[in-house]
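Computed from heavy atoms alone, side chains included, the values below leave out hydrogens, waters and symmetry copies. By convention in this document, chain letters (A, B, ...) are assigned in the order of the sequence lines, proteins followed by strands, and residues within each chain are numbered from 1.
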There are 4 protein chains.
Amino acid sequence: MFTVDPRNNSPIYKQIINSVKESIIKGMLLPGDKLPSVRELAKILTTNPNTVSKAYNELERMHIIETLRGKGTFVAIDYTPKIEAKNIVKLKDGLKKVLIDAHYMGLKKDDINKIINELYDELLNDENHNITKGDIV
Amino acid sequence: MFTVDPRNNSPIYKQIINSVKESIIKGMLLPGDKLPSVRELAKILTTNPNTVSKAYNELERMHIIETLRGKGTFVAIDYTPKIEAKNIVKLKDGLKKVLIDAHYMGLKKDDINKIINELYDELLNDENHNITKGDIV
Amino acid sequence: MFTVDPRNNSPIYKQIINSVKESIIKGMLLPGDKLPSVRELAKILTTNPNTVSKAYNELERMHIIETLRGKGTFVAIDYTPKIEAKNIVKLKDGLKKVLIDAHYMGLKKDDINKIINELYDELLNDENHNITKGDIV
Amino acid sequence: MFTVDPRNNSPIYKQIINSVKESIIKGMLLPGDKLPSVRELAKILTTNPNTVSKAYNELERMHIIETLRGKGTFVAIDYTPKIEAKNIVKLKDGLKKVLIDAHYMGLKKDDINKIINELYDELLNDENHNITKGDIV
DNA sequence: GTGGTCTAGACCACA
DNA sequence: GTGGTCTAGACCACT
């Protein structure tokens, strides 16, 4: 469910953050679901609890998950996107970097669009969202 | 021409790299054009020369610029994109991160497409490309 | 009457303590009034009885409530404030933190005074205090 | 300049945060000033660098300080308070707790007002702000 | 059981 | 020199 690649040069805690986000988007984790405990996930990923903790803390700051004292960590039930100018700028910046890299790899706009379609299919495909979400959410 | 933001958390040498790449794509720098010397650019950006040097070195390794001993640094005239599987994976990975972030900011696929169109317009608008870049783009 | 928010990061037992204190100050609970039993309150708040117990124990140590064996828990009839230097220091410290936070939120002294007035109105408005609490307040 | 009390039960990193905030409010640190490096401050406070780092990270998230890669940490030059409903609620909550405690210590509204005046004098007294701030800020 | 805090000590990327 | 990340291991408060 959660995957982390120690060879990847992006820090482990950020990989965990992205992994959790992805699982939620894909519908593998639903609002209210319990996340593995810090120690559990650390064991699963063979990483240090502090690293998992750091990831969970950041996710909580983003209001994506919430922790109930002594009970554990859960997917937030009331997440509402908040569009901030600063974040849009960051997003555009990140996207620009990707497009520049793509250009230098010989990829054109159509290639990018194709990749984006693939990625959206992977993240938001119907299978994940038809069945379970209806009853629970 | 080249811009760098010390508050941005992406390393300065990478910002320089991207800035050079962007200038080339936009046609502001053409194949064969001379780049400012390391010291010059360091002064312009109020940066450490080592930082500029590191950026130039990486750009050279990518065959995007080339150094002629004693003459200076120039935009490569023979850049040819090379698609490597490893890089494609990285690109997809980067794109996925962006899309996930976008999702959590409430942006939909259409919003992303709009931004991408904007960015392509910014990078590849006709004015910049009437001479040489037609085939690469 | 008693409210507790599991998402709030202040510990639940402290929230219970404050909730009881607030109810007494507001006059909703008068000296001699019976408090819900530990189990009852635990059920009401959907909390662990141990948590309620911990709160009641602390409240008893502060002489704010008292337990009569076999009869239940009651609001103390003889509470008398006791000013200790140590507690004054703590209070100032807490207040300083609030003021610093307020400053960074752009709130000025006047704003704080306004909020304090509101809070005092909420806590000590006349309706609640026509009978017994006149002298303590 | 920065003080931390290991006997205080509030976590050290939070004490550091408050200490920095206070120093800035008092005008002992001006916008653009360099903060001690993580290792330095850790040595001064005889605490662990990680603890200082955590404090600095949170302060950066609040936009109170900013770090320039490889150069160090500085007081932000462009801090602008942003009033969010959620934070106001938290502030009121904190204030309410203080007032309830004060009430149970026998302190009345006037006593609180007196303490607040004292604290504001301590934080914003003229000496700190007449001289230096005029020329630099 | 849960997460939060802290230490000691290591390695790395960056300027 | 700077901060960022990670580990191993400890203790604590809370439910």
Side-chain angles (χ1 to χ4, degrees), chain A residues 4 6 8-16 34-42 45-60 65-74, chain B residues 4 6 8-16 42 45-55 58, chain C residues 4 6 8-16 42 45-55 58, chain D residues 4 6 8-16 34-42 45-60 65-74:
Chain A
V4 147
N8 191 325
N9 41 0
S10 106
I12 296 177
Y13 81 94
K14 280 193 185 167
Q15 293 186 47
I16 297 176
K34 191 176 184 312
L35 291 166
S37 81
V38 168
R39 291 163 172 82
E40 248 182 297
L41 188 50
L45 303 177
T46 60
T47 183
N48 190 288
N50 288 331
T51 306
V52 178
S53 187
K54 188 169 182 178
Y56 277 15
N57 279 328
E58 289 226 3
L59 283 163
E60 186 166 16
I65 66 177
E66 49 195 11
T67 82
L68 304 186
R69 323 206 18 137
K71 289 194 174 172
T73 310
F74 303 83
Chain B
V4 146
N8 192 329
N9 43 358
S10 112
I12 292 180
Y13 83 96
K14 279 192 186 166
Q15 292 187 46
I16 295 175
L45 303 177
T46 59
T47 300
N48 194 308
N50 292 332
T51 307
V52 177
S53 186
K54 186 168 184 180
E58 283 226 10
Chain C
V4 146
N8 191 329
N9 42 0
S10 110
I12 293 182
Y13 82 93
K14 279 192 186 168
Q15 293 187 46
I16 296 176
L45 303 177
T46 59
T47 300
N48 194 308
N50 292 332
T51 307
V52 177
S53 186
K54 187 168 184 179
E58 283 224 11
Chain D
V4 147
N8 191 326
N9 41 1
S10 109
I12 296 178
Y13 81 93
K14 280 193 185 166
Q15 293 186 47
I16 296 176
K34 190 176 185 310
L35 291 166
S37 82
V38 168
R39 292 164 171 81
E40 247 182 297
L41 187 51
L45 303 178
T46 59
T47 184
N48 191 288
N50 287 332
T51 307
V52 177
S53 188
K54 188 170 183 180
Y56 277 15
N57 279 329
E58 288 227 3
L59 283 163
E60 186 165 18
I65 67 177
E66 49 195 11
T67 83
L68 304 186
R69 321 202 25 132
K71 289 195 175 172
T73 310
F74 303 83

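Taking for each of D:P11 and A:Y56 the nucleotide of DNA chain E with the nearest heavy atom, the 5'-most of the two is the partner of A:Y56. Comparing C:T51 and A:P49 by the nucleotide of DNA chain F whose heavy atom lies nearest to each, the residue mapping closer to the 5' end is A:P49.
Nucleotide F:dC14 has E:dG1 as its partner under the Watson-Crick or G-U criteria, with both atom distances under 3.5 Å.
Contacts of A:N50 with the nucleic acid, taken as non-hydrogen atoms under 4.0 Å apart, include base atoms. The residue C:T47 sits apart from the nucleic acid: no heavy atom pair falls under 4.0 Å. Within 4.0 Å (heavy atoms only), A:I12 reaches sugar-phosphate atoms of the nucleic acid but no base atom.
Between D:Y13 atom OH and E:dG4 atom P there is a gap of 9 Å when expressed in whole angstrom units. Taking atom CG of residue A:L59 and atom P of nucleotide E:dG4, one finds them 12 Å apart after rounding to whole Å. If you take CZ of D:R69 and C1' of F:dT2, they are 10 Å apart, rounded to a whole angstrom. To the nearest angstrom, C1' of F:dT7 lies 13 Å from CG of D:N48. At whole-Å resolution of the value, CG in D:N57 and P in F:dT2 are 16 Å apart. E:dA15 atom C1' lies 13 Å from atom NZ of D:K34, rounded to whole Å. E:dT2 atom P lies 20 Å from atom CG of C:N9, rounded to whole Å. Summarising the geometry, the separation between CD on A:E60 and C1' on E:dG4 is reported as 11 Å, rounded to the nearest angstrom.
No side-chain heavy atom of D:V4 sits under 4.5 Å from any side-chain heavy atom of D:T47.
A distance-only check finds no donor-acceptor pair linking the side chain of A:R69 to the backbone of C:P6 [under 3.5 Å].
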Side chain to side chain contact (heavy atoms under 4.5 Å, CB included) between D:T67 and D:Y56, intermediate numbers included: CA-CA 9 Å; D:T67 83; D:Y56 277 15; 5.8 Å; no
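Contact annotation: side chain of A:R39 to base of E:dG1, donor-acceptor pair absent below 3.5 Å.
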